[in-house]
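Here is the structure we will look at, set down as structure tokens.
Keep in mind it's a predicted model, so treat the numbers as computed, not measured.
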Amino acid sequence: MAQPDPVLFSIADRVALITVNDPDRRNAVTEEISALLREAVERAETDPNVHAVVVTGAGRAFCAGADLSALGAGVGGEAEPGLLRLYDGFMAVGDCSLPTIAAVNGAAVGAGLNLALAADVRIAGPAAMFDARFQKLGIHPGGGATWMLHRAVGPQVARATLLFGMRFDAEAAVAHGLALRVAEDPVAAALELAAGPAAAPREVVLATKATMRATASPGSLDNEHHELAKRTELGPQARSIQSPEFAARLAAARRK
């Protein structure tokens with residue numbers, strides 16, 4: 001029996017819908033899924049009939065973070081190259097030249113929160129939960145999480161999230177600016193929102209996003225800030241993954 005594709009891609013009404021499709025493992029990010037996410041984003045960008053991108057997860061979770069076995073591969077070895085491969089999918093979303101919406105249907109945890117934060121806009125379903133969880137796992141934030149949270153919610157809430165373990169349900173996410181709105185069907189709401197750029201000339205859509213990216217912090221592009229944050233976090237996160245404490249946590253998780 002053929003295995004289902006781990007990332008689904010479809011286009012309707014000038015909007016690409018990208019779905020992380022591993023519901024049995026709550027859409028946890030593997031190197032394969034990360035590579036396929038980048039491939040899907042690039043496919044959307046190079047298609048002249050696509051004006052916007054929606055990203056979501058299959059089943060009950062949006063994305064439950066990085067696959068622990070993939071993280072564990074860095075224990076006792078070279079962690080940084082593996083981390084960069086795990087980051088690649090949501091970095092592609094963050095770099096996307098088209099407008100992007102994350103339809104957060106369920107838990108967005110760790111790297112899954114990064115995937116949601118990488119989008120321009122987030123729409124939360126009633127069961128959405130935004131949870132950084134890096135500190136609870138005993139690892140340093142990565143993938144530009146420190147910068148993306150500052151951008152989304154400001155310094156106080158970002159620090160409450162990463163230093164004090166604050167989590168957000170759907171209503172709290174909207175209250176703190178992490179999500180635009182709550183919708184019973186977040187994918188349908190995201191597609192409805194994406195109808196705006198879908199109806200506009202593609203060159204205007206691309207130019208508008210490029211201008212907003214350039215004026216967010218005059219003198220540099222906002223995705224350059226994301227890249228800098230990713231690189232700044234990489235060493236500390238790699239060291240935390242290689243620590244005996246994380247190895248013990250990983251071994252305990254695998255016994256469950």
Side-chain angles (χ1 to χ4, degrees), residues 4-21 23 27 29 33-59 61-63 88-106 108 112-128 130 148 151-152 170 173-174 177-216 221-224 226:
D5 293 335
V7 173
L8 305 177
F9 183 91
S10 62
I11 299 171
D13 300 323
R14 296 181 175 177
V15 180
L17 176 62
I18 300 172
T19 305
V20 183
N21 184 41
N27 303 317
V29 177
I33 283 175
S34 183
L36 290 171
L37 273 171
R38 174 169 287 280
E39 182 181 301
V41 170
E42 291 177 349
R43 182 177 171 186
E45 287 183 296
T46 56
D47 188 330
N49 293 313
V50 174
H51 293 206
V53 175
V54 173
V55 180
T56 193
F62 176 72
C63 175
D88 199 47
F90 61 74
M91 293 299 295
V93 174
D95 285 336
C96 185
S97 58
L98 295 164
T100 54
I101 306 169
V104 184
N105 49 305
L113 176 59
N114 284 357
L115 177 58
L117 286 168
D120 296 314
V121 171
R122 288 155 294 283
I123 294 178
F130 300 82
M148 289 192 290
R151 176 181 65 169
V174 173
L178 186 55
L180 180 68
R181 56 173 288 217
V182 180
E184 191 66 33
D185 185 338
V187 173
L191 293 173
E192 181 180 357
L193 185 63
R202 192 175 196 262
E203 62 272 18
V204 172
V205 172
L206 291 169
T208 301
K209 179 161 180 179
T211 300
M212 294 186 75
R213 179 166 272 168
T215 58
L221 301 179
D222 68 351
N223 53 326
E224 293 174 345
H226 190 179

Check: For D222, which residues count as a salt bridge (Lys or Arg N to Asp or Glu O under 4.0 Å) partner, sequence neighbours excluded?
Finding: R151, R213
Check: Could you walk me through whether V50 and I11 pass the side-chain contact (heavy atoms from CB on, under 4.5 Å) check?
Finding: CA-CA 7 Å; V50 174; I11 299 171; 3.6 Å; yes
Note to self: Under the salt bridge (charged side-chain N to carboxylate O under 4.0 Å, His left out) definition, can you give me all pairs with a residue in residues 40-54, not counting sequence neighbours?
What the structure shows: R38-E42
Next item on the list: Kindly determine whether L178 and L117 satisfy side-chain contact (heavy atoms from CB on, under 4.5 Å), including the steps that lead there.
Entry: CA-CA 8 Å; L178 186 55; L117 286 168; 3.4 Å; yes
Tabulate below the donor-acceptor pairs under 3.5 Å that side-chain atoms of residues 180-187 make, not counting sequence neighbours, or state none.
unit_1, atom_1, unit_2, atom_2, d
D185, OD1, V187, N, 3.3
D185, OD1, A188, N, 3.1

Note to self: Keeping H51 on the side-chain end and A200 on the backbone end, is there a donor-acceptor pair under 3.5 Å?
What the structure shows: yes
Item checked: ring pair (Phe, Tyr, Trp, His ring centres under 6.0 Å) partners of F90, counting only residues at least two apart -> Y87
Notebook entry, point to check: Which heavy-atom pair separates S97 from L206 by the least distance, and what is that distance?
Noted result: O-CD2, 3.5 Å
Notebook entry, point to check: Testing I123, V121, T19, L17 for side-chain contact (heavy atoms from CB on, under 4.5 Å) with V54, which one passes?
Noted result: L17
Next item on the list: Of all the heavy-atom pairs spanning V53 and A44, show the shortest one and how long it is.
Entry: CG2-CB, 3.7 Å
Check: Is it true that a side-chain atom of D5 and a backbone atom of N21 form a donor plus acceptor pair closer than 3.5 Å?
Finding: no
Check: Can any side-chain N or O of T56 pair as donor or acceptor with the backbone N or O of A103 at less than 3.5 Å?
Finding: yes
Margin query: Just verifying a value: how many Å separate D88 CG and L36 CG, rounded to the nearest 0.5 Å?
Written below: 11.0 Å
Checklist line | For the student: nearest non-hydrogen atoms of G112 and F62, plus distance | finding: O-CE2, 3.5 Å
Notebook entry, point to check: Taking only residues two or more places apart in sequence, or in another chain, which ones meet A40 in a side-chain contact (heavy atoms from CB on, under 4.5 Å)?
Noted result: V7, F9, I18
Next item on the list: Show your reasoning for whether side-chain contact (heavy atoms from CB on, under 4.5 Å) applies to T100 and V55.
Entry: CA-CA 8 Å; T100 54; V55 180; 5.8 Å; no
Item checked: R14 side chain to A198 backbone, donor-acceptor under 3.5 Å -> yes
Note to self: Measuring from atom CE of M91 to atom CG of L37, what distance do you get when rounded to the nearest 0.5 angstrom?
What the structure shows: 13.5 Å
Note to self: Between L115 and V29, is there a side-chain heavy-atom distance shorter than 4.5 Å?
What the structure shows: no
Note to self: Has N27 got a side-chain atom pairing as donor or acceptor with A58's backbone, closer than 3.5 angstrom?
What the structure shows: yes
Next item on the list: In sequence, state the C-alpha distance, the side-chain angles, and the governing distance for V20 and C63, and then conclude on side-chain contact (heavy atoms from CB on, under 4.5 Å).
Entry: CA-CA 8 Å; V20 183; C63 175; 5.7 Å; no
Margin query: I need the minimum non-hydrogen distance between G59 and P23, along with the two atoms involved.
Written below: CA-CB, 4.1 Å
Checklist line | Any pair counted as side chain to side chain donor-acceptor pair (under 3.5 Å), so long as it reaches residues 186-211, sequence neighbours left out | finding: D120-K209
